[in-house]
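So the structure is just underneath, and the comments pick up after that.
Just so it is clear: chains get the letters A, B, ... in the order the sequence lines come, proteins before strands, and each one is counted from 1.
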There are 2 protein chains.
Amino acid sequence: MTEKALDILQRHQLRNTAVRRQVLEQFLQAGHKALSNSDLEDALENPDRITLYRTLKTFEQKGIVHQAIDGSGTTKYALCQDECSEHEHHDDHAHFHCHDCGKTICLEGSIKSAVQLPEGFQVQQKHFVLEGTCADCQPE
Amino acid sequence: MTEKALDILQRHQLRNTAVRRQVLEQFLQAGHKALSNSDLEDALENPDRITLYRTLKTFEQKGIVHQAIDGSGTTKYALCQDECSEHEHHDDHAHFHCHDCGKTICLEGSIKSAVQLPEGFQVQQKHFVLEGTCADCQPE
DNA sequence: GTATTTTTGCAACAATGTTGCATAAATAAT
DNA sequence: ATTATTTATGCAACATTGTTGCAAAAATAC
Ligand SMILES: [Mn+2]
Ligand SMILES: [Mn+2]
Ligand SMILES: [Zn+2]
Ligand SMILES: [Zn+2]
């Protein structure tokens, strides 16, 4: 299982360190679930929040994870699909945010929506957030 | 011009105070532009950030303003269209966020997008954010 | 004008984001 | 395998934002 983490580090030319391996493990385990800095602090043994912060920044930059915009105020990240690379993110999918448990997950499929934009505006990226109650938090 | 602000306060049964009037003026002036707490701190004469914070919360709750989710990390608010009321927001429009100047504006038209949701998930609200460069920040 | 209700301003604290810097660790060179 | 070089880590320090409690001030009701 650490194998996959190691592979990712190598492919992105990142040094193989304990923190990075552990963080990657968490993301691999999380699947479509997005993780915040504080999530990682809870999950790891002796975490340093600044190191985690920088690790996430690095991973984002390398195209390993992407920010999952969910309107929650705190930054969350989720594993990118394979196609992403440095300066080339391809994460045009929607995110679901459960305002009950706070969980945020990546949804399948890409966003397609026609919104009329004022003259002279240039769109670079789109974020689509669905907010509501996840399956686990459904009443009865 | 203060007339409109006063009218809004009355219609929502809010006490007519200096801070509230000033904040409303700012929003009326801002039009489609969303304002952060700190924007208001800059704009007003002797602002207290906690009072502004609570004022915004109150306005939001009353359906006077709505949060403009833009992934910027800080909370921004914009004037609701008339139809909104307490516990009944109808702000299903997209927002544009300029990552150059940081400005966020409300876009016309409502969001329509079909994303496939996993079994058991219930959507309550949708946020659509377009990120890029606004007209003012366009090169040459 | 006085009583009552609400708002304001301040203190205080928590959480998150962010940078600088010395030390430790990882990789490259010998 | 040792040493040199490069990079990552951990800690201090600080900024910003969000959030609550509480007494004084202001707005409305009586
Ligand atoms: Mn995602
Ligand atoms: Mn809006
Ligand atoms: Zn949930
Ligand atoms: Zn701009």
Side-chain angles (χ1 to χ4, degrees), chain A residues 2 5-26 34-62 64-65 67-77 86 97 99 102 104, chain B residues 2 5-26 34-62 64-65 67-77 86 97 99 102 104:
Chain A
T2 306
L6 282 178
D7 180 53
I8 293 176
L9 288 177
Q10 278 190 226
R11 270 193 290 126
H12 293 87
Q13 300 161 95
L14 286 173
R15 291 195 173 185
N16 167 15
T17 72
V19 178
R20 286 176 178 167
R21 262 177 284 126
Q22 288 173 78
V23 171
L24 274 179
E25 293 299 342
Q26 292 300 319
L35 301 176
S36 67
N37 205 316
S38 120
D39 287 337
L40 292 168
E41 285 181 62
D42 292 344
L44 302 193
E45 32 256 63
N46 46 354
D48 175 69
R49 69 186 196 90
I50 288 96
T51 302
L52 290 178
Y53 167 76
R54 282 195 266 230
T55 301
L56 290 172
K57 286 280 224 184
T58 303
F59 283 5
E60 184 190 16
Q61 201 205 5
K62 289 286 188 174
I64 298 173
V65 299
Q67 278 198 228
I69 305 295
D70 71 351
S72 73
T74 52
T75 312
K76 292 179 187 171
Y77 296 91
E86 186 153 10
H97 180 230
H99 52 42
T104 300
Chain B
T2 307
L6 282 178
D7 179 54
I8 293 176
L9 288 177
Q10 279 189 225
R11 270 193 289 126
H12 293 88
Q13 300 160 93
L14 286 173
R15 291 196 174 184
N16 167 15
T17 73
V19 178
R20 285 176 180 166
R21 262 179 283 126
Q22 289 175 77
V23 171
L24 273 179
E25 293 299 343
Q26 291 301 318
L35 301 176
S36 67
N37 205 315
S38 121
D39 287 336
L40 292 168
E41 285 181 63
D42 292 344
L44 302 193
E45 31 256 65
N46 46 354
D48 176 69
R49 68 186 199 90
I50 289 97
T51 302
L52 290 178
Y53 167 75
R54 283 195 267 230
T55 301
L56 291 171
K57 285 280 223 186
T58 302
F59 283 5
E60 184 190 17
Q61 203 206 4
K62 290 286 187 175
I64 299 174
V65 300
Q67 278 197 227
I69 305 294
D70 71 351
S72 73
T74 52
T75 312
K76 292 180 186 170
Y77 296 89
E86 187 153 11
H97 180 229
H99 51 40
T104 301

So if I take every side-chain heavy atom of B:Arg15 and compare against C:dT5, C:dG17, D:dC11, which nucleotide ends up nearest?
C:dT5
What is the separation between atom CZ on A:Arg49 and atom P on D:dC14, rounded to the nearest whole Å?
14 Å
Are any of B:Arg20's side-chain N or O atoms less than 4.0 Å away from OP1 or OP2 of C:dT7?
yes
Would you kindly compare B:Arg21 and B:Ile50 by the position of their nearest DNA chain D nucleotide and give the one closer to the 5′ end?
B:Ile50
Tell me which of A:Thr51 and B:Leu14 sits closer to the 5' end of DNA chain D, going by the nucleotide each one is nearest to.
A:Thr51
Classify the side-chain pair B:Thr104/B:Lys76 by whether it contains a donor and acceptor separated by less than 3.5 Å.
yes
Spacing of A:Leu40 atom CG relative to D:dG10 atom P, expressed in whole Å:
14 Å
Taking only side-chain N and O atoms of A:Lys57, does any of them lie within less than 4.0 angstrom of OP1 or OP2 on C:dT18?
yes
Compare side-chain N and O positions of B:Thr17 against OP1 and OP2 of C:dT6 and report whether any pair is under 4.0 Å apart.
no
Round to the nearest Å and state the distance from A:Tyr77 atom OH to C:dG17 atom P.
7 Å
For A:Thr17 and A:Arg21, what are the C-alpha separation, side-chain angles and deciding distance, and is it a side chain to side chain contact (heavy atoms under 4.5 Å, CB included)?
CA-CA 6 Å; A:Thr17 72; A:Arg21 262 177 284 126; 5.5 Å; no
Does any donor-acceptor pair link the side chain of B:Arg54 with the base of D:dG18 at a separation under 3.5 Å?
no
Using whole Å, report how far CG of B:Leu56 lies from P of C:dT7.
14 Å
Using only side-chain N and O atoms of B:Thr75, determine if any of them is under 4.0 Å from OP1 or OP2 of D:dG18.
yes
Round to a whole Å and report the spacing from CG of A:Asn37 to P of C:dT18.
11 Å
Whole angstrom value for the distance that separates C1' of D:dA26 from CG of B:Leu9
15 Å
If every non-hydrogen atom of B:Leu52 is compared with every non-hydrogen atom of B:Leu44, which pair is closest and at what distance?
CD2-CD1, 3.9 Å
Give B:Thr74 one of three labels, base, sugar-phosphate or nothing, depending on what nucleic acid heavy atoms sit under 4.0 Å from its own.
sugar-phosphate
Let me see the working for B:Phe59 and B:Leu24 under side chain to side chain contact (heavy atoms under 4.5 Å, CB included), right down to the final yes or no.
CA-CA 9 Å; B:Phe59 283 5; B:Leu24 273 179; 3.7 Å; yes
Between C1' on D:dA24 and CG on B:Asp48, what's the gap in Å once rounded to a whole number?
13 Å
Does A:Ser38 have a side-chain nitrogen or oxygen under 4.0 Å from the phosphate oxygens OP1 or OP2 of C:dA15?
no
Quick check on C:dT16: is either OP1 or OP2 less than 4.0 Å from any side-chain nitrogen or oxygen of A:Tyr53?
no
Between A:Leu56 and A:Tyr77, does the side chain to side chain contact (heavy atoms under 4.5 Å, CB included) criterion hold? Intermediate values first, please.
CA-CA 8 Å; A:Leu56 290 172; A:Tyr77 296 91; 3.8 Å; yes
In whole Å, what is the span from the NZ atom of B:Lys76 to the P atom of D:dT17?
11 Å
